[in-house]
Amino acid sequence: MSIVSSLQKCTIESLSALFNQPFTEKDFQINQTKPEFEGDYTVVMFSLVKSLKLSPDAIGNQLGEHLTKKYPRLFTKYNIIKGFLNLTVADAYWLDLLNKNHNDICYGKKEMNGKKVMVEYSSPNTNKPLHLGHLRNNFLGWSVAEILKANGYEVIKSCIVNDRGIHICKSMIAWQLFANGATPETTKTKGDHFVGEYYVKFNDAYKKEVDELIGAGKTKDEAEKEAPIMKATQQMLLDWENGKPDVMELWKKMNSWVYAGFDVTYKRIGSDFDKTYYESDTYLLGKDIVQQGMDKKVFTKKDDGSIWIDLTADGLDEKIVQRKDGTSVYITQDIGLALQKYEQYKIDQSIYVIGNEQNYHMKVLQLICQKLGMPNAGNIFHLSYGMVELTTGKMKSREGTVVDADDLVDEMVATSKQHTEELGKVKDFTEAELKGLYDTIGLGAMKFYLLRVDPKKTMVFNPEDSIDFHGFTGPFVQYTYARIKSILRKLEADGSAANNQRSTANGLLKLEKELIVTAEQYPAAIEQAGYEHNPSVIANYVFHLAKTFNSFYTEHSIANAETEEKKQLRLKLASLTANIILSGMKLLGIAVPERM
RNA sequence: GGUCCGGUAGCUCAGUUGGAUAGAGCAUCAGCCUUCUAAGCUGAGGGUCAUUGGUUCGAAUCCAAUCCGGAUCACCA
């Protein structure tokens, strides 16, 4: 149990004993004591004043007295300032925590709770390479999955690949028209980038045709409809749906190029999936659902044959679920897939990592699933994240300001190489070790940069800040880890590494205490991050821990501690800190190096 | 126009189940490497928490209104 929970429990018991009436944790508040006051945790009692008809100081005195008398192994001292009861937690409590956990790699993680959750993330289009926005999605999804695992859930990571539709046909048409049989191999281009180029070529050609038609006296609408390249694309979509062999073959070929490219990127950034869905397999799934919805009278048919759901009572609009020609729309596919996920995996919760521009869509999806009476429809959770903008504004493909994922990774890794070489601390590393280190640092910097911000907020990507390796960054935390490991290695080598004797020294110094108090909060950080589906909680926590360690490190020597007892205590502190950094960074998908 | 989200230091962000003098990082300035890795540490300056009103012992946090920015409201996906 955390010290905050213990304090809560003790306070309730003390209050009940003192005032002979029941209390709950809502009757008072517990905060960490501000550094300018003496004490570790503070009970705020203003809310008790009214019901007890006593001054805050009077309550505080009685409570403080009772707590320190009744629980002397937990609370040793108290003081009251302006109605705040500041309690000092016994050194014995902190030492006990340290003795128990300093070698525990699983510290902070919860037991399995038997619940199953699916996290769907990444979900790319097969007509363009990944960009900065996708990176935020990928890092978030992976991290949230890890955080949920740490909270005791069984997690299935899934991905739905958007591999069909008019937009895919566009790059296919362009390839037919302009490629002269070129392939990624003949042009030595990464497959996803190669196909992406033809998508761009399509748009250029289309725009040119539209302009020409407008020049010939057509209206914009007419021109857009009549442009030959668009007509060819629409025909191709029909051919695809009818399974025309040459179209299918081209589709498969181009998709295989894209997948080969994606694989490289996914492997590099560490994204992986337990289950991949393809929209070409799932786009017809919703058909049965429509009939069921009709039977249940959730859906209604209009005169023209199209089928709708009326959500106006829920503050939304009417939404179409099937076109008059019987073809299904986007939302219908999603309903079908949602049902399939439940049926295949019996999941308790389904999380969708999707940008906030789809908030409305996801709200509709959730509502329809509920109205259809789907199992666990209430446990659909849209992890909605904000767009990544540039300092100059939004990324726009038309203006060529889209930051490509592969380019960005390359740049970060190159920067980490440059920094590492300048510092010259790992000159004895082999080529392979160096390459691994540059990747670890470069990717660590990038992931930390994108994950340290609350997911739901729009964030600004500043290229200069992102390659800064000082301060609130991944490399800062990695560096702290490498430093600790360096000490542990040295002491290991000269035989004075941590023994397993219990540390009992009283009189924890200020910075020692600060570090252990922070370490004690790690389980709470994991819990909060899980509850909020928010990796930034972990990023902020781990940074705070590293910073606290660095202050401690500069002030107090571990190897040359005043006494052997102090040395052992500090070794345990260092080891616990290292374990938490390793574990916390893992929750963010970030590796930590033994040396850097 | 309806709905939703956001506005905190020059910049990027924490802090919002109401609590003490609103915190970090970057940038600026001043210090600290003969001692465990200076990708570090210490200190200084920098704030009308968008605005106005309300609720109360107490508001960045809750409520209302206003201003500004963004998203969305397709028989696109």
Side-chain angles (χ1 to χ4, degrees), chain A residues 25-26 29 31 33-34 36-37 42 44-47 49-50 56 81-84 86 125 162 164-168 279 283 302 304-308 315-317 319-325 327-331 333-334 355-361 363-364 384 386-387 389 391 394 416 419-420 422-423 425-426 441 445 449 452-454 456-462 464-466 468-480 482-491 536-537 539-540 543-544 546-547 549-561 570-571 574 595-596:
Chain A
E25 67 274 4
K26 284 181 183 156
Q29 235 177 75
N31 297 338
T33 305
K34 299 229 161 198
E36 55 268 37
F37 304 106
T42 297
V44 187
M45 299 156 302
F46 291 102
S47 42
V49 169
K50 242 180 207 166
I81 296 168
K82 295 200 292 189
F84 294 85
N86 302 322
N125 278 332
N162 190 320
R164 66 161 282 280
I166 191 83
H167 52 296
I168 306 298
E279 205 186 295
Y283 81 109
K302 291 205 172 176
D304 67 356
S306 59
I307 299 176
W308 295 71
L316 304 178
D317 307 302
K319 191 88 187 169
I320 189 159
V321 294
Q322 189 175 89
R323 300 185 188 99
K324 61 185 171 201
D325 63 4
T327 57
S328 64
V329 294
Y330 181 45
I331 191 103
Q333 303 168 27
D334 275 357
N356 62 11
E357 77 271 15
Q358 296 210 39
N359 284 357
Y360 181 79
H361 173 79
K363 214 167 166 180
V364 171
S384 161
M387 299 291 103
E389 293 182 358
T391 43
K394 297 183 164 191
S416 78
H419 280 260
T420 306
E422 278 168 13
L423 290 166
K425 293 178 181 179
V426 288
I441 298 174
Y449 185 85
R452 66 182 205 185
V453 181
D454 186 335
K456 63 175 179 285
K457 289 196 175 173
T458 302
M459 67 173 288
V460 174
F461 180 84
N462 181 333
E464 284 170 30
D465 287 356
S466 71
D468 188 355
F469 290 177
H470 303 270
F472 187 19
T473 67
F476 172 94
V477 180
Q478 291 173 323
Y479 175 69
T480 308
R483 256 179 160 182
I484 297 175
K485 293 307 263 189
S486 164
I487 299 169
L488 297 180
R489 271 193 307 273
K490 263 185 194 152
L491 294 182
S536 80
V537 171
N540 278 284
F543 170 69
H544 175 62
K547 188 148 180 53
F549 179 84
N550 283 331
S551 298
F552 157 78
Y553 170 93
T554 328
E555 198 67 30
H556 304 296
S557 177
I558 295 169
N560 301 312
R570 288 180 190 167
L571 267 168
R595 288 177 57 195
M596 68 185 276

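No hydrogens, no waters, no symmetry mates; every other heavy atom, side chains included, goes into these values. Only a predicted model underlies this, so the values are computations on that prediction, with no experimental measurement involved. Lettering follows sequence order; numbering is per chain, from 1.
- Base engagement by A/I441 is indicated by at least one non-hydrogen atom pair under 4.0 Å involving a base atom.
- Rounded to a whole Å, the CD atom of A/Q29 is 13 Å from the C1' atom of B/rA59.
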What's touching nucleotides 22-26 of chain B from the protein side, N or O pairs under 3.5 Å?
unit_1: B/rG25; atom_1: OP1; unit_2: A/K547; atom_2: NZ; d: 3.3
unit_1: B/rG25; atom_1: O2'; unit_2: A/F472; atom_2: N; d: 3.2

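- Here A/S486 reaches the OP1 or OP2 of B/rU37: one of its side-chain N or O atoms lies under 4.0 Å away.
- The shortest distance between the side-chain N/O atoms of A/K457 and the OP1/OP2 oxygens of B/rG7 is below 4.0 Å.
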Worksheet item: When Watson-Crick pairs (N1 to N3 and N6-O4 or O6-N4) and G-U wobble pairs (N1-O2 and O6-N3) count only below 3.5 Å on both distances, what is the dot-bracket string of RNA chain B, with | for other-strand pairs?
Response: ((((((((.[[[[.)...(...]]]].(((((.......))))).....[[[[[..)....]]]]])))))))....

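- Within the 4.0 Å cut-off from OP1 or OP2 of B/rU37, at least one side-chain nitrogen or oxygen of A/K490 is found.
- Dashed line: the shortest gap from a side-chain N or O of A/R570 to OP1 or OP2 of B/rC36 is not under 4.0 Å.
- Using a 4.0 Å heavy-atom criterion, one finds that A/V44 contacts the bases of the nucleic acid, with or without backbone contacts as well.
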Fill in: Sugar-phosphate or base contact per nucleotide [nucleotides 68-77 of chain B; S, B, -; heavy atom under 4.0 Å]
--SSSS-BSB

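- The ring pair (Phe, Tyr, Trp, His ring centres under 6.0 Å) search around A/F472 returns A/F448, A/F543, not counting sequence neighbours.
- Between A/K394 and A/M387 the shortest side-chain heavy-atom distance does not fall below 4.5 Å.
- Taking 4.0 angstrom as the limit, A/K485 places none of its side-chain polar atoms (N or O) nearer than this to OP1 or OP2 of B/rU37.
- Here A/D465 pairs with nothing under the side chain to side chain donor-acceptor pair (under 3.5 Å) rule; sequence neighbours left out.
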I'd like a table of atom pairs between the protein and nucleotides 60-65 of chain B - only N or O on both sides, under 3.5 Å - with the distance next to each one.
none

